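Presented below is the structure to which this report refers.
In this text, all values refer to a predicted model and were calculated from it rather than measured experimentally. Proteins come first, then strands; the chains are lettered A, B, ... in the order of their sequence lines, and each starts at number 1.
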Amino acid sequence: MKMSKIGLVIGREYMSRVRKKTFILLTILIPILVVGLMFLAMWLGIEKTKHVKVLVADPNGLCEGEIFIGQDENPPATFYFYEDFVDSADFAGRADFQEYDVLIALNPEVITNKKIGGLYREQPNSETTTYIRNKLELRLEEYFAKHKGVPLETYREIRTPTHFKLKALDDSPDKELQEIAQVIGLVFSIFIFIFILVYAAQVMRSVIEEKTSRVVEIIVSSIQPRKLMMGKIVAVGLVGMTQFLIWIILISVFMVVLQSTIFPDFSDPSNWQGIAETGNVPGQIQTAMETSGERSIWADAIYHHVDWVALIILFLIYFIGGYLLYGSLFAMIGSAVDSETDTQQLMLPVMMPLMFSYLVSIMIMGNPDGGTAIAFSHIPFSSPIVMLQRVATGTVPFYEVLISLALLIATFLMTTYLAGKIYRVGILMYGKKVSWKEIIKWIRY
Amino acid sequence: MEMLRTENIVKQYAGHKALDDITISTKKGEIFGLLGPNGAGKTSLIRIINQITGPDSGKVYLQGKEIKREDIARIGYLPEERGLYKKMKVKEQALYFARLKGMSKQDAKKKLEEWFEKFEITSWYDKKVEELSKGMAQKIQFITTVIHEPELLILDEPFSGFDPINTELIKSEILRLKESGTSIMLSTHNMNSVEEICDSIALINQSKLVVNGSLKEVKERYRTHTYAVQFKGLMFGFANALFASFALEHSEQIDEDRAIAHVKLLKGNTLNDLLRTVMPVVEIEAVNEVIPTMNDIFIRAVKGETEEGGDENE
């Protein structure tokens, strides 16, 4: 079977890269690192909210030996009751009290002076402290309700929190949600920035390698220089895609394997404090502080607000577009120099828009639909980095994405065309230190 | 039969002309030498023939038909700046080059085995190029140039950079390929090898074609009508007899009464006239025409001297 020449070039470039030890190592190590860090973060998170045993000294039996726990709650503390006074010496010394972390004194005067005090062995975190306080307060309120003749069921119904939400008139999403979505978008921007830089630099290095090993003239006597360059760019791009794909697969597999074997509890989202959403079960009592506001908004943003499918698809499209644009420029530079050390001066004008886009994407945080953001998400040299961040907020009209993509495609067609012309001349030019002025002249050769 | 013809090739690079109206033609089955000093435009012309760059104007014909992209499969090219992928295995690399030239994988494998067996280097298959010595890499380089059995072989400075043993090997391979019908074009500085193996030459100097033709024709054209006369007698008498019709270029004494004198015929005089003039004075032992070497021709052409007898008279 005869392969097309560009196919042969792609095949060689691709195989020589994916067989490299560094590629294999990186492709396997990154998912291990990512999954490892994720589990480390989870593990640290769980460690922080260590379950606390609370001993409630309730000589008058105000609590009647129980505290109401909602059915979907994940309490950071459990309450135990002791129907007598417990003093600090007993709590410190008595063997049967050693298992409790916190002692709460519910003195009879609490009905009148509303003062509750306690002791801890090791300070519980603020979340747990708040939880303990809320539960006890609630229990006291229930006590009052009962004594004022309100049935417990009625009281609990009254106490069910109201879901309150303000919505913008023009249906634009919540500002806070948008900001979180933009942070997620920024992460994508940074990824695109890094990947474009890494893979475009690989193209450049590969061009320089072919030039310095003097193999390039033999190759271009068999295949047009433009095709050789395109084959190289496509192959490196495919290597990048392969790496993404393997990462996604490996990360998923590692997650599943770890979840089902080593840490079955960790990966259950209900164990992650606050990230799990609190459902609205009738009859369940929630206090306002129970789940911290920030966290539930994060969860809301991650689970409902961000359109992951669109984001990932656009990530790939913009990565390809941006990579082709910058890859061709880097190939151009590679063709013009004799060694990698000569690239620095030529790199500056190419690196500048890339670095600048990165800065813009940080600058427009909080204002994803401002003039700067709109402008730079259309300029092809910055759109791959800036647009994703805006897309994540979900406020970008579809036509803007189309315009930005059309401009990006038109530009990379132009840059690959020009790069091809320059590449053709550059690869056969040895021993000459060139400037951009010189390079521009080559277009007309 | 004509193999390759370039017609009025012009190539201009920002401000300087690399090739100025170059028209050359090579015959099928001959070895054609493309000569010229550094920077004359040889490599530019070779790159245009290989379709690596295009001419600004002018055309290239292969066996009478204007050259097309597909024709590169019929050409084998060894550039002056040559090398191999250092990290790639020898066999994979050779196969890659062969397939780029349009060979199928099977054919390429078969041919490769033939060549490797011929050069007795089959043990190198799985070696990376960086593990080979320079001489070994040169052999691989040559194989990759000829593996697809090109009709036209273009070698840019084939003898530079090769060690003497490989130079001999390649010279004999070039001659063997010629025997089997391959047309060869080579550029070189090495005038000895031109005399040894070239049938025709073209000399380019400062972007222009200066000399062109078969080796015999060129030598004929660059005749200086100078003869080496070996005689017995007095040098003084010999020189005096020459008078104005002949010029004594130089002379050397062999022993006490014998010498060799290089004499140039002037003003339409013939060898017979020369002999008639000097016979009364000395005893002639031998007469040979002084044929210019390619080296002489090269230097004279580059210095801009005219053909046919140099710059003295006319």
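For chain B, the nearby part of A:Arg19 is the side chain; its heavy atoms alone come within less than 4.5 Å. Contact annotation for A:Ser221: both backbone and side-chain heavy atoms come within less than 4.5 Å of a heavy atom of chain B. Contact annotation for A:Val9: both backbone and side-chain heavy atoms come within less than 4.5 Å of a heavy atom of chain B.
Each of A:Arg424, A:Lys441, A:Glu210 has some count of heavy-atom pairs under 4.5 Å with chain B, and the biggest count is that of A:Glu210. Taking chain A as the reference chain and counting heavy-atom pairs below 4.5 Å, the highest number among B:Tyr77, B:Tyr13, B:Tyr85 is found for B:Tyr85. Options A:Pro225, A:Ser16, A:Ser213 differ in how many heavy-atom pairs under 4.5 Å they form with chain B, and the most are formed by A:Ser213. Interface summary for chain A: among B:Lys11, B:Lys87, B:Glu92, the most heavy-atom pairs under 4.5 angstrom belong to B:Glu92. Interface check for chain B: of the options A:Val425, A:Ile218, A:Ile223, the most heavy-atom pairs under 4.5 Å are formed by A:Ile218. The residue among B:Gln141, B:Glu80, B:Arg69 with the most heavy atom pairs within less than 4.5 Å of chain A is B:Arg69.
Between B:Ile201 and B:Cys198, the shortest heavy-atom distance links the atoms CG2-CB, 4.3 Å.
Side-chain contact, B:Asp56 with B:Gln12: no donor N or O sits under 3.5 Å from an acceptor N or O.
Between A:Phe319 and A:Tyr199, the ring-plane angle classifies as perpendicular under the 30° and 60° cut-offs.
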Practice task
Determine, stepwise, if the pair A:Phe191 / A:Phe315 fulfils ring pair (Phe, Tyr, Trp, His ring centres under 6.0 Å).
Solution key: CA-CA 9 Å; A:Phe191 271 128; A:Phe315 173 81; 7.1 Å; no
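Taking the ring axis of A:Tyr430 as reference, the NZ or CZ atom of A:Lys211 stays within 45° of it and closer than 6.0 Å to the ring centre. The cationic atom of B:Arg5 (NZ for Lys, CZ for Arg) lies less than 6.0 Å from the six-membered ring centre of B:Tyr61 and within 45° of the ring axis.
Contact annotation: the side chain of A:Leu316 approaches that of A:Phe244 to within less than 4.5 Å [non-hydrogen atoms, C-beta and beyond].
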